Amino acid sequence: MTEQNRNVTVMGIEFTNTTLEGFMESTVRPCLDHGDKCFIVTANPEIVIATRDHPDFKETVQSADHVLPDGIGIINAAKMMGTPLQERVSGIDTMCAMLAYAEEKGYSAYFLGAKEEANRKAVERTERRFPKLKVAGRHHGYADLDEDALVESIANTEPDIIFVALGMMKQEQWIRDHMDRFDKGIFMGVGGSFDVLSGEAKRAPDIWIRFQLEWLYRLIKQPKRITRVMKVAQFMMLHTPIISSIMRLFGYSKTRQRRKG
């Protein structure tokens with residue numbers, strides 16, 4: 001197994017300090033091979049800011065077995081703090097690595113969330129990309145997902161991997177609330193990844209990612225994301241010493257919830 005370095009804490013959230021391959025080798029593959037349960041959160045700056053402003057959500061994220069640094073802002077903040085993380089481990093890359101291993105070893109995956117059309121297309125395209133993958137089942141996110149009958153029906157498929165695409169906070173809370181109904185499985189909130197799998201959304205080209213401009217690419221493609229980009233900007237400024245000192249004068253803090261109004 002690849003040994004992981006000591007975890008890194010950013011704004012009260014403990015990140016697993018690893019690489020994608022290291023995480024697959026040390027955690028994902030053994031968990032699947034042994035039929036264990038594991039709760040994974042892929043956290044970007046927006047999620048970390050949300051944990052500051054929503055104590056219940058912070059508790060949910062802290063309850064996860066692993067929090068992966070999904071966002072170059074997390075990587076840069078950790079570096080500024082003098083506790084660098086090995087690399088960004090994105091949710092979509094982790095998801096695809098899991099699917100490849102599941103196909104190779106005969107494990108199954110359940111796809112929960114997103115709109116019906118996006119969910120269906122995501123599963124269809126995934127099956128074309130991984131033709132030997134066992135799809136335990138799928139269900140869109142526009143239903144009462146806390147209904148006992150629905151949760152039981154999902155658990156009865158005995159999936160090895162459960163991808164939950166309900167959006168930040170809601171997907172992590174669903175996992176925390178219902179994970180105990182399952183006998184096994186890796187549970188991971190995947191946000192808008194079904195849209196990427198379905199072809200409805202495009203990832204930034206590699207060169208944009210390499211130059212840490214994926215956020216700008218997404219903003220150009222989806223101008224309505226401006227409020228989310230501002231959360232990322234706030235996160236980065238809180239980790240820039242001089243700017244952080246100025247922001248504290250206006251009531252911004254890494255740990256204290258921002259007052260509304």
Side-chain angles (χ1 to χ4, degrees), residues 1-34 36-98 101 161-164 168-169 171-176 179-180 184-191 193 209 212 214 231-232 234-241 244 253-257:
M1 283 189 179
T2 300
E3 184 178 347
Q4 296 174 349
N5 289 350
R6 186 163 56 88
N7 291 351
V8 172
T9 299
V10 178
M11 289 177 63
I13 302 301
E14 188 175 287
F15 286 87
T16 299
N17 189 8
T18 186
T19 63
L20 175 56
E21 178 53 33
F23 188 64
M24 289 295 298
E25 182 178 349
S26 67
T27 301
V28 173
R29 292 169 190 150
C31 184
L32 289 172
D33 294 345
H34 298 148
D36 296 332
K37 284 200 285 188
C38 183
F39 175 16
I40 300 169
V41 172
T42 60
N44 57 22
E46 185 183 4
I47 286 179
V48 174
I49 287 291
T51 65
R52 180 201 63 180
D53 295 338
H54 302 275
D56 290 345
F57 180 50
K58 184 172 187 176
E59 186 178 323
T60 294
V61 172
Q62 289 175 326
S63 75
D65 297 292
H66 294 278
V67 181
L68 300 179
D70 183 1
I72 199 62
I74 302 293
I75 301 299
N76 289 338
K79 187 182 296 184
M80 287 184 205
M81 292 162 54
T83 54
L85 288 156
Q86 294 185 60
E87 70 176 26
R88 177 192 176 194
V89 185
S90 76
I92 186 66
D93 290 336
T94 305
M95 184 180 186
C96 289
M98 287 185 188
Y101 188 70
I161 303 170
I162 302 90
F163 295 120
V164 186
M168 179 182 72
M169 293 199 283
Q171 62 195 18
E172 286 79 21
Q173 192 61 50
W174 188 92
I175 292 171
R176 188 182 186 192
M179 189 174 170
D180 62 348
K184 62 177 180 177
I186 294 180
F187 297 75
M188 186 169 78
V190 295
S193 293
I209 297 174
Q212 302 185 11
E214 188 173 9
K231 287 289 186 182
V232 177
Q234 180 187 153
F235 174 87
M236 289 310 303
M237 287 189 289
L238 284 169
H239 288 85
T240 303
S244 177
S253 168
K254 294 180 184 177
T255 57
R256 189 173 63 252
Q257 181 178 353

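What you are looking at is a predicted structure, and each value in this text was computed from that prediction instead of being measured.
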Would the distance check show the side chain of [X] and the main-chain N or O of [Y] forming a donor-acceptor pair, the cut-off being under 3.5 Å?
X   : Y   : value
D70 : G91 : yes
E87 : L20 : yes
Q62 : G12 : yes

Kindly give the heavy-atom pair with the smallest separation between [X] and [Y], and that separation in Å.
X    : Y    : result
S193 : M95  : CB-SD, 3.8 Å
I162 : K184 : CD1-O, 4.4 Å
P69  : T16  : CD-O, 3.9 Å
E172 : F39  : O-CZ, 3.8 Å
A78  : V8   : CB-CG1, 4.1 Å
T94  : M188 : CG2-SD, 4.1 Å

Check whether NZ of the Lys or CZ of the Arg R29 lies under 6.0 Å from the centre of the six-membered ring of Y101 and within 45 degrees of that ring's axis. yes

[atom1]/[X] to [atom2]/[Y] distance, rounded to the nearest 0.5 angstrom?
X    : Y    : atom1 : atom2 : result
R52  : I13  : CZ    : CD1   : 12.0 Å
T51  : M168 : OG1   : CE    : 9.5 Å
I175 : I186 : CD1   : CD1   : 11.5 Å
D93  : M24  : CG    : CE    : 11.5 Å
L85  : N76  : CG    : CG    : 10.5 Å

Would you say the side chain of [Y] lies within less than 4.5 Å of the side chain of [X], judging by non-hydrogen atoms?
X   : Y   : answer
V89 : H66 : no
V10 : M81 : yes
C38 : I40 : yes
K58 : V61 : no

Would T18 and L68 count as a side-chain contact (heavy atoms from CB on, under 4.5 Å) here? Give the steps. CA-CA 8 Å; T18 186; L68 300 179; 4.3 Å; yes

Going by distance alone, is a donor N or O of one side chain under 3.5 Å from an acceptor N or O of the other, for Q86 and T19? no

Would you please name every residue forming a side-chain contact (heavy atoms from CB on, under 4.5 Å) with M169, sequence neighbours left out? H54, F57

